[in-house]
Amino acid sequence: MGEQGTRSSRIRGAGKRRKQPSTRRRAAKMAAWSAAGVVLVGGGGLGYVYFKLNGNLKGVDINAQLGTDRPQNIDNGSMDILVLGSDSRAGANKEYGTDEGGARSDTAMIIHVYQGHKTASVVSIPRDTLVTRPSCTAPGGKTDPGARRQMFNTAYEVGGPACAVKTVEQMSGIRMDHYIEVDFTGFKKLIDQLGGVPVTTNKPIKDDKSHLDLPAGKHTLNGEQALGLVRTRHGVVGDGSDLGRIQLQQAFIKALIGQVKSVGVFSNPAKLYGLADAATKAITTDSDLSSVNSLIGFANGLKGLDASNVKMITLPVQYDKADPNRVSPLAKESQEVWDALAKDQPIPASATAGSAGDKGTAGGYVAGQ
């Protein structure tokens with residue numbers, strides 16, 4: 001497993017007990033840590049993180065696919081995770097439309113967990129960000145040569161998870177320790193299993209395309225409504241871009257973390273197991289996380305995170321001068337973000353002050369309950 005395995009091993013706990021626990025107690029503990037990890041890493045729109053029990057696990061060997069063509073793995077106690085929300089309309093997701101050329105990464109977040117694992121920064125990457133996509137291995141073994149000025153979400157379409165990771169690593173210069181992907185149906189089931197997520201809408205939100213119709217006021221969103229909220233682009237005042245949607249996703253993630261903290265899942269084994277089961281069916285991970293033991297250790301390493309200690313930003317971007325329907329990274333400001341994370345330091349406010357993603361009003365539509 002090399003350097004990647006070294007970092008993964010740092011977060012795996014193997015505490016001893018005075019007496020052998022029962023199978024039921026072991027299952028409850030496993031569910032507890034799995035459920036904790038689901039929420040505490042984030043998720044989102046997508047921006048959120050999910051874990052699976054052994055029978056549900058799906059893993060992708062990112063290390064084998066990318067080989068040595070990656071940034072150096074700096075062992076400073078921090079951890080970087082790429083979380084993607086897939087917009088595939090295959091299978092149970094077909095009610096949301098038809099795939100146009102294949103699944104893409106509808107939501108993308110880089111989660112940087114700082115040394116000590118008590119605080120984290122989340123960087124959302126707009127799906128229509130123009131990037132230089134690197135050469136990637138496409139399904140069937142063919143090589144896609146890559147290209148300049150490609151939308152970020154085409155990396156997943158062209159080469160799946162490995163290409164998405166490679167693109168992020170090329171953009172940031174930071175090696176991703178883990179990869180987590182969630183789909184539409186899995187996200188809905190997870191929210192329903194949790195019992196819904198309370199939010200307050202300061203203004204009405206209505207978007208027929210995302211199946212969402214919320215008047216102003218307090219709501220407990222079920223899975224379908226929560227999915228509509230994190231997908232909507234046309235239901236809020238603004239330009240209908242992905243920048244507004246990201247603000248809604250980030251507001252929802254805060255509410256989601258707060259809900260898990262408030263419902264007392266650790267004191268309810270049945271809810272814990274149901275939540276863990278739904279979560280592990282919802283996601284695909286890198287192969288280093290695709291076992292129950294790895295996921296328990298991973299979740300254990302993140303249990304100290306709280307919503308108040310998670311800073312969320314959008315990658316500093318501007319509307320592209322040649323194509324106003326797309327955005328392009330602000331070079332200097334984006335580098336400030338990557339440099340801060342590489343050094344395990346907080347992201348400076350100056351990095352986002354001039355960003356188009358920092359000027360929207362969509363985030364003001366939703367507040368946690």
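- The structure places CD of Q247 at 11.0 Å from CG of D242, a figure rounded to the nearest 0.5 Å.
- Summarising the geometry, atom NZ belonging to K166 is positioned 11.5 Å from atom CZ belonging to R133; distances are rounded to the nearest 0.5 Å.
- Nearest heavy-atom pair across V317 and S355 is N-OG, 3.1 Å.
- In this structure, the side chains of I205 and D207 stay at 4.5 Å or more apart for every pair of heavy atoms.
- D177 contributes atom CG, which lies 9.5 Å from atom CG of D288 (distance to the nearest 0.5 angstrom).
- Here the side chain of E169 pairs no donor or acceptor atom with the backbone of R175 at under 3.5 angstrom.
- The line from CD1 of I111 to CD1 of I253 is 7.5 Å long, rounded to the nearest 0.5 Å.
- Both tests do not hold together for R231 against F187: distance to the six-membered ring centre under 6.0 Å, angle to the ring axis within 45°.
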Checking side-chain contact (heavy atoms from CB on, under 4.5 Å) for the pair F298/T285: CA distance, chi angles, key distance, verdict? CA-CA 12 Å; F298 182 65; T285 71; over 6 Å; no
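- In this structure, D144 contributes its side chain and A138 its backbone to no donor-acceptor pair below 3.5 Å.
- By the 4.5 Å heavy-atom criterion applied to side chains, D128 and V327 are counted as neighbours.
- Here the side chain of T201 pairs a donor or acceptor atom with the backbone of G217 at under 3.5 angstrom.
- Listed by first and then second residue, the disulfide bond (SG atoms under 2.5 Å apart) pairs involving residues 129-188 are C136-C163 (not counting sequence neighbours).
- Heavy-atom minimum distance, K189 versus A278: O-CB, 4.2 Å.
- Taking the side chain as every heavy atom from C-beta outward, T220 and Q225 never approach each other to under 4.5 Å.
- Side-chain atoms of T107 and V230, non-hydrogen and from C-beta on, never get closer than 4.5 Å to each other.
- To the nearest 0.5 angstrom, S287 atom OG is 9.0 Å from Q65 atom CD.
- G186 and A282 make their closest contact through CA-CB, 3.5 Å (heavy atoms, listed as atom of the first residue, atom of the second, distance).
- For the pair T232 and R245, the tightest heavy-atom approach, listed with the atom from each and the gap, is O-CB, 3.3 Å.
- A donor-acceptor pair is defined here as one N or O able to donate and one able to accept, closer than 3.5 Å; such a pair exists between the side chain of S291 and the backbone of S294.
- Remark: the backbone N or O of T284 is not paired with any side-chain donor or acceptor of K58 at under 3.5 angstrom.
- A side-chain donor-acceptor contact under 3.5 Å links D192 to the backbone of G223.
- Between I110 and L82, some side-chain heavy-atom pair lies under the 4.5 Å cut-off.
- Rounding to the nearest 0.5 angstrom, the gap separating the CZ atom in F152 from the CD1 atom in I125 is 4.0 Å.
- Not one N or O on the side chain of K281 forms a donor-acceptor pair closer than 3.5 Å with the backbone of L190.
- The list of side-chain hydrogen bond (donor to acceptor under 3.5 Å, both in side chains) pairs with a residue in residues 337-348, not counting sequence neighbours, reads H112-D344, Q335-D339.
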Please lay out, stage by stage, how D323 and R149 fare under the test salt bridge (charged side-chain N to carboxylate O under 4.0 Å, His left out). CA-CA 10 Å; D323 185 353; R149 292 181 59 80; 5.7 Å; no
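- Of all heavy-atom pairs between M171 and L315, the closest is CE-CD2, 4.0 Å.
- The shortest side-chain heavy-atom distance between L212 and L229 falls under the 4.5 Å cut-off.
- Among all heavy-atom pairs drawn from Q170 and T132, the shortest one is NE2-O, 2.7 Å.
- In this structure a side-chain-to-backbone donor-acceptor pair under 3.5 Å is missing from T143 to T137.
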Any chance you could lay out the side-chain contact (heavy atoms from CB on, under 4.5 Å) test for V168 and I174, step after step, and finish with the verdict? CA-CA 8 Å; V168 167; I174 299 172; over 6 Å; no
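- Side-chain contact between Y179 and L84 is present, with heavy atoms from C-beta onward closer than 4.5 Å.
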If you apply the rule side-chain contact (heavy atoms from CB on, under 4.5 Å), what do you find for N63 with R70, and how did you get there? CA-CA 9 Å; N63 293 334; R70 307 184 68 182; 2.8 Å; yes
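- You'll find the side chain of K311 stays beyond 4.5 Å of the side chain of P346, heavy atoms only.
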Would you check, one step at a time, whether the test side-chain contact (heavy atoms from CB on, under 4.5 Å) holds for V182 with I180? CA-CA 7 Å; V182 63; I180 300 173; 5.9 Å; no
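- Side-chain atoms of S334 come within 3.5 Å of backbone atoms of L330 as a donor-acceptor pair (strictly under, hydrogens ignored).
- S121 and Y114 are linked by a side-chain donor-acceptor pair at a separation below 3.5 angstrom, with hydrogens and angles left out of the test.
- D306 and S308 form a side-chain donor-acceptor contact under 3.5 Å, judged by distance and modelled atom types alone.
- A donor-acceptor pair under 3.5 Å is formed between the side chain of Q250 and the backbone N or O of I313.
- No donor-acceptor contact under 3.5 angstrom links the side chains of S124 and Q249, judged on distance only.
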